There are 2 protein chains.
Amino acid sequence: MSWSVSEVRRMSGVTSRTLRHYHHIGLLEPEDVDPGGRRRYGRRELRRLQRILLLRELGLGLAEIRRVLDDERDEVTALRGHLSTLEAERGRLDTLIETVRRTVDALEGDDVNAIRPEELFEGFDAGRYEERARSTWPEQWERARAATEEMSPEEADRMRAEAVERMERMAAHLRAGTPVDDPAVRAEVADLHRGLTRMWTPDAAAFAHLGRVYAEEGPWREVHEKVAPGLADYQRAAMEDYAHHVLAEDGER
Amino acid sequence: MSWSVSEVRRMSGVTSRTLRHYHHIGLLEPEDVDPGGRRRYGRRELRRLQRILLLRELGLGLAEIRRVLDDERDEVTALRGHLSTLEAERGRLDTLIETVRRTVDALEGDDVNAIRPEELFEGFDAGRYEERARSTWPEQWERARAATEEMSPEEADRMRAEAVERMERMAAHLRAGTPVDDPAVRAEVADLHRGLTRMWTPDAAAFAHLGRVYAEEGPWREVHEKVAPGLADYQRAAMEDYAHHVLAEDGER
DNA sequence: CTTGCGGTTGACGCGACGTCAAGATCTAAC
DNA sequence: GTTAGATCTTGACGTCGCGTCAACCGCAAG
């Protein structure tokens, strides 16, 4: 008793292409092939196909399925390994979904979540930092002061708005659990760095220091934390990573 | 101010291959290409790359990203669409994980979940059905009776064990939410059908009827429900589908 | 003899690149 | 000027599980 491709197709619902594929990769060989080259499947093959389909439905890859069926690799072990893969995947999806949802909310500007720059920087007093900046990098401080002085109010507003946008994007990375050395975060920090070069060009040490200043207790930190909890520290870590691995000459691999 | 491939790589962490890929598919064109053919990226391109990386991190495909960036397609709309895709995917994963977990439990034979055939068929009385079977298909009933009479006790045990295994597999399909016309379920039912042919060869009507008998109130149903709630009805549906679409000549497409 | 069915073997396509392989070009050292 | 070495280029194949043509072949019925 043996069955042709179309009979197997009718019985099991798999397409002939799938059967050919399984034959090709040696996962399911026909019982025999008649002189005309047509495949014939016996009872054993149908049982095997049945097991293949069950395991496939459970999400195992064909290579893994072959290992289970041929090497008689322990099915339970294989499935348990697969299970943790699946759970990790679901965890990834969970945070991804959460991140996308928040990003949508932020972009929508729901009035509730909307952060207006004026409000964010309200009561902001950089005075405390001026002193130190002036004494540590007097030249850069002078250039920065000159640059900000030349700015029109509209320009200043736009800069603040841009800063908020950057914070929002950074917060998205933070919520996604993206490591600080990920390309996307690197690109973001690189952009921040490029933005700063309009006033001065911080080297590795200065850039890392700036990150730490942002994260210190004080108005800078508050502004960041108002956008998202943990943002200040996250950004500091990202900036330090950038300083070490990108700006420092000896930091590259 | 422009940057070479390796500079961009250092800044953003993307590989040169990725940049070439994005160039190839027109997602990110270099600002210009010098006479030697080397790519150079400007500030605009870096900003674009940054947005690409953010959207990619949120799980969007490159085609979708291009649509958002070029046609200025609404970012929020795109993300919301994406969000529902992600949520559907997570739902799929949820049931998949649950199914795999239960399958592992069943295979492990945790003593707790182990269903011993003797126990399952304990107190089983097919007598109520014999009457009807004998009157409806007298010939087949006679063949079945003869076949079972010839069986050794070991054979009978093995048959019961096989029946339990089949029920377990069916239960896995049920819990996975697999539709009854899925290849994997078809293959399972086909196997059941082949098993029956050792005694007789039911046609479409008889096979569908057998499915309904299994699902009726009574010991057959109880045996199935003991393995998994809903199994009796699920199997009936699967058998009816098989009868209509596979066994019936006019049922195929 | 033709038509049609059911089967066959390639081969490309998908998505987002990784990974060689072979050659071209730029930079610094000699 | 030459040459080594770093950097960069363009192909092209591999991944995973098949879907989807395209072209052809053998067999039975009209």
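The model shown is predicted, which means the values in this text are computed figures rather than measured ones. Letters A, B, ... are given to chains in the order of the sequence lines, protein chains preceding strands, and every chain is numbered from 1.
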Problem - Closest-nucleotide 5' rank along DNA chain C - winner of B/Gly36 and A/Val5 - result: A/Val5

Practice task
With heavy atoms under 4.0 Å as the rule, sort B/Ser16 into base, sugar-phosphate or nothing.
Solution key: nothing

Handout entry: Cation over ring face, A/Arg39 and A/Trp3, 6.0 Å, 45°
Key = no

Practice task
Estimate the overall bend of the helix from C/dC1-D/dG30 to C/dC30-D/dG1 from the end axes over five pairs each, rounded to 10 degrees.
Solution key: 50°

Practice task
Assign A/Arg40 to base, sugar-phosphate, or nothing according to its heavy-atom contacts below 4.0 angstrom with the strands shown.
Solution key: nothing

Practice task
Indicate the atoms forming the closest heavy-atom contact of A/Ala176 with A/Thr95, along with that distance.
Solution key: O-OG1, 4.1 Å

Exercise for the section: Identify whether any heavy atom of A/Thr15 sits under 4.0 Å from a base atom; if not, whether one sits that close to sugar-phosphate; answer base, sugar-phosphate or nothing. Expected result: sugar-phosphate

Problem - Derivation and outcome, side chain to side chain donor-acceptor pair (under 3.5 Å), residues A/His173 and B/Glu57 - result: CA-CA 8 Å; A/His173 294 308; B/Glu57 194 184 291; 3.0 Å; yes

Handout entry: Pair A/Glu31 + A/Arg40: basic N to acidic O under 4.0 Å
Key = no

Handout entry: Residue whose nearest DNA chain D nucleotide is more 5′ - B/Arg17 or B/Ser4
Key = B/Ser4

Exercise for the section: Identify whether any heavy atom of B/Arg39 sits under 4.0 Å from a base atom; if not, whether one sits that close to sugar-phosphate; answer base, sugar-phosphate or nothing. Expected result: sugar-phosphate

Practice task
Please name the pair of heavy atoms, one in A/Pro183 and one in B/Gly13, separated by the smallest distance, quoted to 0.1 Å.
Solution key: CG-O, 3.8 Å

